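We count ligands from 1, going down the list as the structure has it; atoms in each ligand are counted the same way. Only a predicted model underlies this, so the values are computations on that prediction, with no experimental measurement involved.
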Amino acid sequence: MTKQSVHIVWYKRDLRIKDHGPLHKAAESGLPVLPLYIVEPMLIHAPTFDPSHWTFIRQCLIELRESLAQLGQPLVVRMGDAVPVLHSLAEEFEVKQIWAHEETTDLLSFKRDDEVRVWAKSQAIPFDEMPKNGIVRGLSLDRREAWKSIREDRMHKWPWPTPEEIRPIVGQTAQGLGDIPDHDELGIMRNERELQPAGEKAAEKMLQGFLLWRGGEYIQKEASPLTAPAASSRISPHLAYGTLSMRTAVQEVRTQLKNFKHMPPQEKRQRGRHWVGSLRLFGTRLTLRDETMQQLEWDPKMEIANQLSGFDGLRPIGADGWPAALLEAWQSGRTGFPMVDASMRFLNHSGWLNYRMRAMLVSFAAHDLWLDWRGFAPHLSRVFVDFEPAVHYPQLQMLSGTAVKRGMRWFDPIAEAKRQDPQGEFIRRWLPELAGVPKSFIHQPELMSAEQQAKSGCIIGRDYPAPLVDHAEAIAKAKTQVGLIRSPKVRAQDSGLELPGN
Ligand SMILES: Cc1cc2nc3c(=O)[nH]c(=O)nc-3n(C[C@H](O)[C@H](O)[C@H](O)COP(=O)(O)OP(=O)(O)OC[C@H]3O[C@@H](n4cnc5c(N)ncnc54)[C@H](O)[C@@H]3O)c2cc1C
């Protein structure tokens, strides 16, 4: 029997139908399109994986299957490693071409993509990987000056039109499509985290809601964990799983800013006086995302190795001498620093935290607790629903002081608490054991006398821990150690991985 000719669109972290180059190209071929998602054991068993990631991805896949069905061919789902799955499809169909996006993610995925390239070549199947976001593959370091203009060019281009229809595979049964497995089928525990909605429609709603209503005070409210959840865009998981394209976000924000110029004064007033500044800052952050990701594209080992090797062995990592109790206290929000603990518990619950508080958590782990980022990175990857390796690892290294880029950056968790949550509202919400602590002690409850502790119903050391470290002492020590390593000698080691103008 002759095999049916198809084009495969291999979905990975690009779970959408809008502005999707591979889908557009495959549909344009006029042949039946097989849109494919592979549930890879490598993803499910990675130390960075959390069942809540699957909750989010699964919701995206259910919606994507429906959207593709409306175009003509529902999503096909297979479980297994990428090469054997593609190989078995190539036995069933005559695969004319495989389309996918370039992925800048973790080392496992880079390796998987390499293996698929080798396999596709061995089968003489063209495998076309199209650029995603503003990351430029193959850009040599001596041409890094060109990065900004290449990205800008991409952001200006028209989004790929969504095909009006895609030609379906003939004779495919519902069973042939494959199940979108739930947690039980994958053998993973479902957890009760309160995540934001997933899928392409939710992404669009989130972006529009931010640009038209919520974002007007972003510039003022994004730093405090009290106000940031509503005032920030919350599009990070959508960019991470590709339910929204970077180009769509960039073009939407630019259109809004352009429209603003021609708005009647009354409408302008309604937007608020911080609206323009807020949207501009948001646009800058989108660029920063691509800039950060480009660092990992150039140096994928950032996921596992200090960029500045002088830091190797400085902080404990692994079994020997690894202060497990400190890590456990930090992960569970029991360090004795209310802002650190409330931020961690909020993050553990919701999968999201604003940038400033993420940075404070990392600064605390790296400098106050003196932990190696490789030891605490997996916890953050698991709890972030927007886990994006190429943003995550460069940020961890930058904040730990181990990256080429920038010097040591540290936060004072007490000053931060007073600035971002002066009344202690956020702290009380996420640390119920501090609910009865008076405002004057909410940022440092250990300063209460024994009598005050009894009266507030919070005994330090019993209901809430005493601070694990002396912050001033710990930072002074960290500054000396980090300073010694980030000396001019280290700068000489600068491998030039930095983008210009950062
Ligand atoms: C240690 C650490 C780890 C991080 N890990 C991740 C991660 O795994 N995935 C992730 O998406 N973001 C990560 N960030 C960046 C940032 O904190 C989040 O993108 C942001 O909080 C997400 O919320 P939002 O979508 O409301 O962002 P907004 O504040 O509304 O910003 C809009 C978008 O800009 C981008 N962005 C904002 N700030 C940054 C930044 N500093 N660097 C790069 N891009 C930025 C994000 O894509 C974000 O969605 C990390 C930050 C730190 C300090």
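- With 3.5 Å as the limit, one finds no donor-acceptor pair spanning the side chains of Tyr393 and Gln295.
- Using cut-offs of 30° and 60° on the angle between ring planes, the pair His53 and Phe387 is parallel.
- Contact residues of ligand 1 (protein heavy atom closer than 4.0 angstrom to a ligand atom; sorted by chain and number): Tyr218, Ser232, Ser233, Arg234, Ile235, Ser236, Leu239, Phe282, Arg285, Leu286, Leu288, Arg289, Thr292, Trp352, Leu353, Asn354, Tyr355, Arg358, Ala359, Val362, Phe384, Asp386, Phe387, Glu388, Val391, His392, Gln395, Leu399.
- A distance of 12.5 Å separates OH in Tyr355 from CE in Met360, rounded to the nearest 0.5 Å.
- One side chain, Asp106 or Ser109, offers a donor N or O that lies under 3.5 Å from an acceptor on the other.
- Applying the ring pair (Phe, Tyr, Trp, His ring centres under 6.0 Å) rule to Phe56 yields the partners His238, Tyr241; only residues at least two apart in sequence or on another chain are considered.
- Side-chain contact annotation: Ser232 with Glu222, donor-acceptor N/O pair under 3.5 Å absent.
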